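For ligands, and for the atoms within them, numbers begin at 1 and follow the listed sequence. In this text the structure is predicted, and so the values were computed from the model without any measurement. Along the sequence shown, residues carry numbers from 1.
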Amino acid sequence: MLWRNVPSRRAIAATLSVCAIVFLIHVVTVGPSAPTQIQHRFPSSRRLAQPERQDAVKREFLHAWTGYRDHAWMADGLRPLSGGRKQQFCGWSATLVDALDSLIIMGLDDEFQEALNATLTVDFGGEDVVENCDVNLFESTIRYLGGLMAAYDLSNDERILPKLIELGDVLHSAFATPNGMPCTVCNLATTTTKEAAETAALADVGSLYLEFARLAQVTGDEKYMRTVDMLSGVFARSQNDSSIPGLWPETVNPRLVDGPQGYDFARRSSRYGLGAMSDSAYEYLVKTHLLIGHTRSVFGTMWHLASRQIKRYLLFRALIPGANETDVVFPGIASRSLTGPGGSRSPQTLLETRTEHLACFAGGMFAMASRIFNNPEDLYVGEQITNGCVWAYQNSPSGIMPETLTLLPCSINDGRQCDWDDSYWAAESRQSGAGSGTPEEDCIDAYGDCQPSSRFPPGFLQVKDPSYKLRPEAVESVFVMWRVTGDEYWREVGWDMFQSIIEHTRSPFGHAALFSTMEVYQRDTYERGLMVRKVLARQMDDMESFWFAETLKYFYLLFSDPSLISLDEWVLNTEAHPFRLTRGIRGF
Ligand code: DMJ
């Protein structure tokens with residue numbers, strides 16, 4: 001008899017009231033969900049700041065800040081060799097806004113007040129600027145909106161809120177397109193018709209959630225949150241459409257999110273990576289979940305699918321000397337078409353074993369994800385990726401990892417060589433021309449005394465782009481590994497990285513990007529009136545605003561007490577701007 005098993009109304013009511021009581025007890029005792037513990041439980045009795053190292057970082061920060069203040073005040077950037085100015089992102093003073101929160105964090109209060117007063121005069125909505133400039137939505141969102149947001153969250157200065165809204169609305173207008181997807185590089189004047197791009201870098205579209213979600217939280221304006229939901233919906237629906245289901249390709253098609261064969265968004269390309277073009281699209285799945293995951297499950301779901309495929313298709317082991325190879329992996333670039341040869345159903349996946357400085361952030365991403373999603377295996381993945389970047393720093397001639405680096409792949413599973421072997425390396429590297437790239441005739445030295453003193457060291461198979469652009473990703477992961485594990489090892493390797501970077505990049509007005517981390521030259525320089533012979537890399541006249549926003553901030557925080565910008569209370573956007581983790585404010 002079917003009816004015998006149907007519970008009575010009274011039983012249902014009793015069950016429901018028990019559930020309601022359990023739910024209420026849960027909410028009253030632990031809140032909507034318990035806050036995630038990301039940081040290691042550092043003993044509160046121990047003093048963990050390393051003041052001498054912090055001062056060294058702050059000194060360098062002030063050296064570059066003084067250069068910017070005296071020579072390029074309110075420009076987007078400073079030229080650190082000539083003292084010139086650079087306009088890069090609509091002239092809204094990128095360096096000024098990007099540096100605001102670092103000034104607060106480093107306790108440079110007077111400098112912060114001066115910079116904030118200047119920032120408040122920037123007219124983000126001014127029609128003539130907006131009309132004459134194509135706004136790069138991603139860069140403007142992470143640097144300007146992220147920078148203002150962090151300054152607001154850290155200082156609680158109410159004067160910042162109207163500026164945030166002014167800028168937020170200008171950038172939000174990039175979504176005023178026929179299909180609601182953003183125009184990624186766009187004239188945002190109110191009178192122009194906007195259209196979503198047909199080809200856009202994955203990161204340019206997939207790294208906008210965090211800033212707009214936080215803007216929705218602090219303003220209470222739901223329109224920003226509706227945009228976040230629309231955008232994450234497109235990513236979620238298309239995640240299995242690509243040729244490596246779970247990953248999105250390096251370029252996507254925001255104009256065609258609803259194509260004749262379903263969603264064309266993720267079929268624009270068949271190349272996949274974690275570096276240039278892709279990076280923060282994956283990082284923001286983890287970080288947006290942390291910021292708003294108690295209200296939406298979509299980011300966690302996407303991360304679970306993506307992280308499995310990243311581990312399967314993008315990470316590889318390499319033949320490198322002087323390291324325990326089992327503890328090192330590198331992110332590479334995978335290609336896979338939708339169909340196999342002759343249109344067959346079994347496409348092949350090719351892995352280009354070229355890794356990028358930009359991809360070094362992934363160590364920290366996996367380490368954070370391991371805590372947020374309670375998956376200890378991912379902490380080990382994060383450690384392995386970070387080890388790879390540290391290895392590249394420690395073994396390059398300048399002590400700094402190049403922008404890109406090709407390695408010789410190996411595997412401990414299929415019997416191929418993974419333990420270092422000189423003759424195997426010699427044979428393999430000869431085939432690919434490793435060690436070339438430092439011809440004597442290329443030796444041009446503005447200082448006269450020029451002697452190339454390096455060739456590519458073992459393990460560096462090819463270096464297509466040997467430059468260093470003052471990037472933060474390696475120290476970013478070293479910083480996260482320290483905060484998550486509490487292992488002092490990370491602060492030691494970080495200190496070595498800092499010293500190498502400063503040695504080569506310090507310039508008259510700030511710090512300069514390097515042409516090559518792989519070639520160093522003897523050079524006579526004057527220090528405090530004395531001539532010193534040094535072995536240095538060649539500098540270029542460029543200093544990106546992320547030097548202030550990210551690289552120096554991560555070094556400073558690495559040596560600070562872990563309670564300063566605790567990862568249990570703050571989430572850092574991809575430009576290292578901390579947003580306060582708050583729950584349930586103004587309805588989100
Ligand atoms: C920064 O603007 C951000 O970290 C971005 O996500 C990637 N590139 C630069 C730093 O290298």
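- Annotation for ligand 1: atoms under 4.0 Å from non-hydrogen atoms of Pro472 are 10 (C), 11 (O).
- Listed by number with element, the atoms of ligand 1 under 4.0 angstrom from any heavy atom of Glu575 are 1 (C), 2 (O), 3 (C).
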(request) Any chance you could lay out the side-chain hydrogen bond (donor to acceptor under 3.5 Å, both in side chains) test for Thr574 and Glu283, step after step, and finish with the verdict? (result) CA-CA 8 Å; Thr574 191; Glu283 175 189 348; 2.9 Å; yes
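- In Ser207, neither the side chain nor the backbone holds a heavy atom less than 4.0 Å from any atom of ligand 1.
- Between atom 10 (C) of ligand 1 and the options Glu476, Glu544, Arg143, Glu473, the minimum heavy-atom separation is to Glu473.
- In this structure, CG in Asp204 is found 8.0 Å from OG in Ser280, a value given to the nearest 0.5 Å.
- Taking the ring centre of Phe579 as origin, the terminal cationic atom of Arg214 falls outside the region bounded by 6.0 Å and 45° from the ring axis.
- A salt bridge links Lys86 with Asp542: at least one charged nitrogen is closer than 4.0 Å to a carboxylate oxygen.
- Other residues, nucleotides and ligands contribute at most 12 non-hydrogen atoms within 6.0 Å of the CZ atom of Arg69.
- Separating the NE2 atom in His511 from the CG atom in Leu552 is a distance of 6.5 Å, to the nearest 0.5 Å.
- Ranking the protein heavy atoms by distance from atom 6 (O) of ligand 1 puts Thr574 OG1, 2.7 Å first.
- Heavy-atom contacts of Ile142 reach the following atoms of ligand 1: 2 (O) (cutoff under 4.0 Å).
- Checked by distance only, ligand 1 and Arg471 come closer than 3.5 Å through their nitrogen or oxygen atoms.
- When each atom of ligand 1 is checked for a heavy atom of Leu358 under 4.0 Å away, the hits are 7 (C), 8 (N), 11 (O).
- Only the side chain of Glu550 comes within contact range of ligand 1, with a heavy atom under 4.0 Å; no backbone atom does.
- With respect to Arg506 and Glu60, a salt bridge is recorded, a charged nitrogen being found less than 4.0 Å from a carboxylate O.
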